[in-house]
Amino acid sequence: MRRLIALAFVALLVAVPLSAEAQKKGGVLKIGNLGEPPSLDPHWGTQTITEVLTNHVFEGLYSLDEKYQPIPMLADGMPAVSKDGLTYAIKLRKGIKFHNGKEMTSDDVVASLSRWSKRSTYGKSLWTQVVDFKATDKYAVELKLKEKSAIVVVSLAVPNNFGAIYPKEIADKFPPDQRITEWVGTGPFKLAEWKPDQYIRMTRYDEYKPLPGKQSGYGGAKIVHVDELRWIPVPDAASRAAQLESGDLDAADDLVADAYDRLKANKDVQPVLVKPYYWLVAVFNKKEGLMTNQKLRQAWQAALDIEPIMKTVAGGKPEFYRMDSSLAFRELPWHTKIAGLPWNERNKEKAKRLLKEANYSGQPIRFMTTQEYKWMYDFALVTKQQLEEVGFKIDLQVMDWSTLGQRRIKPAEYDVFTTGMGNFFDPTHHIYLGPNWPGWTDDEQINTLMAQMARETDQKKRYALWEQTTKRFYEYVAVARYGDLFGLRAIRKSVKGFSDKTERPRFWGVWLEK
Amino acid sequence: MAAYLIRRVLAVIPVMLVVVTLVFLLIHLIPGDPAAAILGPDATPAQIEATRIQLGLDRPLHEQLLKFYSRLLQGDLGRSYFLDRPVTQALWERAEPTALLTIAALLVAIVIGVPSGLVAGAYPGSVWDRVLMFGALLGVCVPGFWLSLNFIYFFAVQLRWLPAGGYASIFVDPWAAVRYMVLPAVSLGFNQSALIARIARSCMLEVLQQDYIRTARAKGLSQGVVIVGHAFRNAMVPVVTVIGITTAILIGGAVVTEIVFNIPGLGRLIISAILRRDYPVVQGVVLVTAATYVVVNLIVDVVYVFIDPRIRYG
């Protein structure tokens, strides 16, 4: 009898997880998002919406863990680097099948990454160092560099504009400047249907082989429970929140902080703060016009009182902002804690003195912003008020985002513009520190430091260089750094297993409570 | 009649020509760069320039306009910059929701507007007249978007009777389609029903003062026969004109309703196309909307003949 009970107990132990798994399986998860992606080709475009969608369908050789550090995805382990640091040998996982049933081999990887290297921001910058990239056998590739580089693996791991692996036939068929229209990847979801402005349907890929271990950040084991993801474009943020509350949606992304209290009070809904999201920034035009004067930029920095600005932007909700001077978010290992930086100085006297030293006599400073992103307009408005108190004259120009996007690349048209800086996974990725991005930071010291960081592979030395860069940044004032702003998304409480730790949402590991 | 119709249809051509040219110039006048909109905030100036060349945006404006005309003559509206597909296809995919919404809203407007206007007009000064005309006044005053948001709040979020937004094709799932359509159609149609009601009332009042109505009454006909048999048809001519205008207004008003209720129609398409500076799509939607206006007006003129046989076109 005792044996029987023991047997029954063992049977129960085995059966419970099984039935739990069976219970998790199934259902259609409906996610409301901002609108239409211009493409579902991650090599091609940099938009957030393209990033979020395509990461469910495609995978790269590497991915990022919960601390935003590179981990293997389609690669079998980290690369074997030669002693001189110039050759990277990357093994591929065997038996990985594309959604069309074909096995992934080194030919696909070479074709895909070659296409990526001609189009993607990260691919292009990595390839300036690459002299040769080839397959060494069916499941191995080799990358040869001109000089030592610190950014090989991280460039292959970033989630935006990433080195997704397509079947060779597709990578060859679509030239880099043309968007792919056959979406075949290796990811845990297959693209089933794309009806513009109505929905994008992704179905579970049953042949998918998850990595062993746990889900971590953007990588690790991706186990899919739901049958289908249905991404529904709901351009109006208030409608998105209402549809989540009424149960028409299971998850909603890109909500506005105004909705937070109402969502929190709803017993069926769980609001999720998005950390990190953006740090707010006023970008100075350093190529032409008034702000080429470093003293003027320093005066701007000295005059700012950041806390009230952030409070306004966050609608008075302290949950939605964070005061920080580091150029990398607190969530990243690149976060710095340097005391005594001229950040949030609130020093009106210093600002006035700097204005005088700059020989500024009240010429209007053209400051471009947009109401399309309300937080940009809000912080521009309070900034204008604070600066005018010390003697600046600000000509606030409000336009739509598309116009701002066009004008900010023309040095003759503006002095300052507002934007937000998202997550940069490596110091060399901080675009506003380089000469190719609007605002055109072209400082000799920063350039040297960036070049050193690109080559230096020792983590400690790199971090020290990064701290130096940060100090120089505040002296040169490439842009004015404000505080960190957090975003808002929400899920219904019937959605289980959703990770609130990542900057952008992922829907593997998620199930619907029945 | 046939000659008249042919003349009317031919007259559409210069109208459309002016419309497309104006739209082309206006959309190119506003600043903003389609290439920057497609490529996203992190694009480099070099990438943007390459995309501009690829899209033909580096060509002089008159050259772009001529190319646009020549394609138009071949029935080709061009290719959407952002959606990367032919404009005709993009329009076709979004025509059904807008058409259904407009028809549903029109039905709501007519079903509420015509009877209440006629009743109010038939019994002027009565309690019915006052109640109905107060309702109509409200209908004209209340903005459509405010009504929409309140409908969503009460009927979708609080009561959970109807979905808060979205769309299902009537050809795929008719029941779901009806559920999705109720709130947008009522909030869009209600405003217009008020306009129709007021016109119907004043027409009814006017007709009821005519001599032939007095004659009919003198013959001893009942009030019902007088109103339905003698007054109704005559009161309808201006009402049909208003219904025609209403259809046109509804197509325009559908823009806001489509955004609030998340209906994937032409209104939402044109708003997003304007924000993305997707010139071919904006031109395409305006062209289709203008053509619809013209056709609706033509239909209204033809309908007059059936309502009032005295009207002749020659």
Side-chain angles (χ1 to χ4, degrees), chain A residues 30 32 35-39 41 44-51 119 121 124 160-161 177-179 181 195-199 232-236 238-249 262 266 372 399-410 413 419-420 422 431 436-438, chain B residues 30-51 54 80-85 89-90 93-94 97 148-149 152-153 155-160 162-169 180 258-265 268-269 271-272 274-278:
Chain A
K30 287 186 247 168
E36 274 301 292
S39 82
D41 181 350
W44 192 89
T46 59
Q47 263 101 350
T48 306
I49 186 164
T50 301
E51 175 192 327
R119 175 80 201 179
T121 326
K124 276 202 232 172
N160 186 292
N161 211 195
D177 57 356
Q178 204 181 319
R179 295 166 255 193
T181 50
K195 255 190 140 176
D197 277 352
Q198 292 201 31
Y199 53 78
I232 303 173
V234 186
D236 185 57
S239 301
R240 249 185 338 266
Q243 289 192 24
L244 183 81
E245 285 190 85
S246 69
D248 295 300
L249 294 173
R262 213 178 80 206
N266 188 323
E372 240 163 278
M399 56 197 79
D400 65 358
W401 180 242
S402 160
T403 306
L404 200 155
Q406 181 200 32
R407 288 181 60 182
R408 71 181 196 180
I409 58 172
K410 296 179 182 159
E413 303 227 339
T419 189
I431 41 175
N436 296 321
W437 195 74
Chain B
I30 37 172
D33 187 356
I38 305 167
L39 292 175
D42 299 333
T44 62
Q47 275 177 330
I48 290 177
E49 198 44 46
T51 305
Q54 202 189 333
S80 162
Y81 300 155
F82 190 88
L83 301 167
D84 200 23
R85 61 179 64 213
Q89 191 192 339
E93 286 164 348
R94 289 156 181 88
S148 308
L149 290 174
I152 291 177
Y153 185 71
F155 296 110
V157 176
Q158 293 294 320
L159 297 170
R160 300 272 193 105
L162 292 161
Y167 179 75
S169 172
Y180 278 121
E258 282 178 12
I259 300 242
V260 175
F261 287 100
N262 200 33
I263 297 168
R268 229 178 78 186
L269 181 66
I271 291 291
S272 47
I274 291 171
L275 290 176
R276 297 164 185 155
R277 300 294 188 273
D278 198 342

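Naming convention: chains lettered A, B, ... in sequence-line order (proteins, then strands); numbering from 1 in each chain. Keep in mind it's a predicted model, so treat the numbers as computed, not measured. Atom set for the values below is all heavy atoms of this structure, side chains included, hydrogens, waters and symmetry mates excluded.
- When heavy atoms are compared at a cutoff of 4.5 Å, A:Leu249 does not approach chain B at all.
- In this structure, the side chain of B:Asn262 engages the main chain of A:Pro233 through a donor-acceptor pair within 3.5 Å.
- Atom CD of A:Gln198 and atom OG of B:Ser169 lie 8.0 Å apart (nearest 0.5 Å).
- Among B:Ile263, B:Leu269, B:Leu275, the residue making the largest number of heavy-atom pairs under 4.5 Å with chain A is B:Leu275.
- A:Ser246 and B:Arg160 get closest at one heavy-atom pair: O-CD, 3.7 Å.
- To the nearest 0.5 Å, atom CD of residue B:Glu258 and atom CG of residue A:Asp236 are 13.5 Å apart.
- A pairwise comparison of heavy atoms in B:Arg94 and A:Pro196 identifies NH2-CB, 3.0 Å as the closest pair.
- Between the side chain of A:Asp248 and the main chain of B:Pro163, no donor-acceptor pair closer than 3.5 Å is present.
- In this structure a side-chain-to-backbone donor-acceptor pair under 3.5 Å is present from A:Ser239 to B:Val260.
- Looking at A:Arg240, neither its backbone nor its side chain comes within 4.5 Å of chain B, counting heavy atoms on both sides.
- Only the backbone of A:Pro37 comes within contact range of chain B, judged by heavy atoms closer than 4.5 Å.
- Residue B:Ile259 touches chain A through both its backbone and its side chain, counting heavy-atom pairs closer than 4.5 Å.
- Judged purely by distance below 3.5 Å, without hydrogens or angles, the side chains of A:Thr181 and B:Arg85 never pair a donor atom with an acceptor atom.
- A distance of 8.5 Å separates OH of B:Tyr167 from NZ of A:Lys195, quoted to the nearest 0.5 Å.
- Counting only heavy atoms from C-beta outward, the side chains of B:Arg268 and A:Pro235 approach each other to under 4.5 Å.
- Here the closest non-hydrogen pair linking A:Thr403 and B:Arg277 is OG1-NH2, 2.9 Å.
- Listed by chain and residue number, nothing satisfies the side-chain hydrogen bond (donor to acceptor under 3.5 Å, both in side chains) test with A:Gln178 (two or more places apart in sequence, or in another chain).
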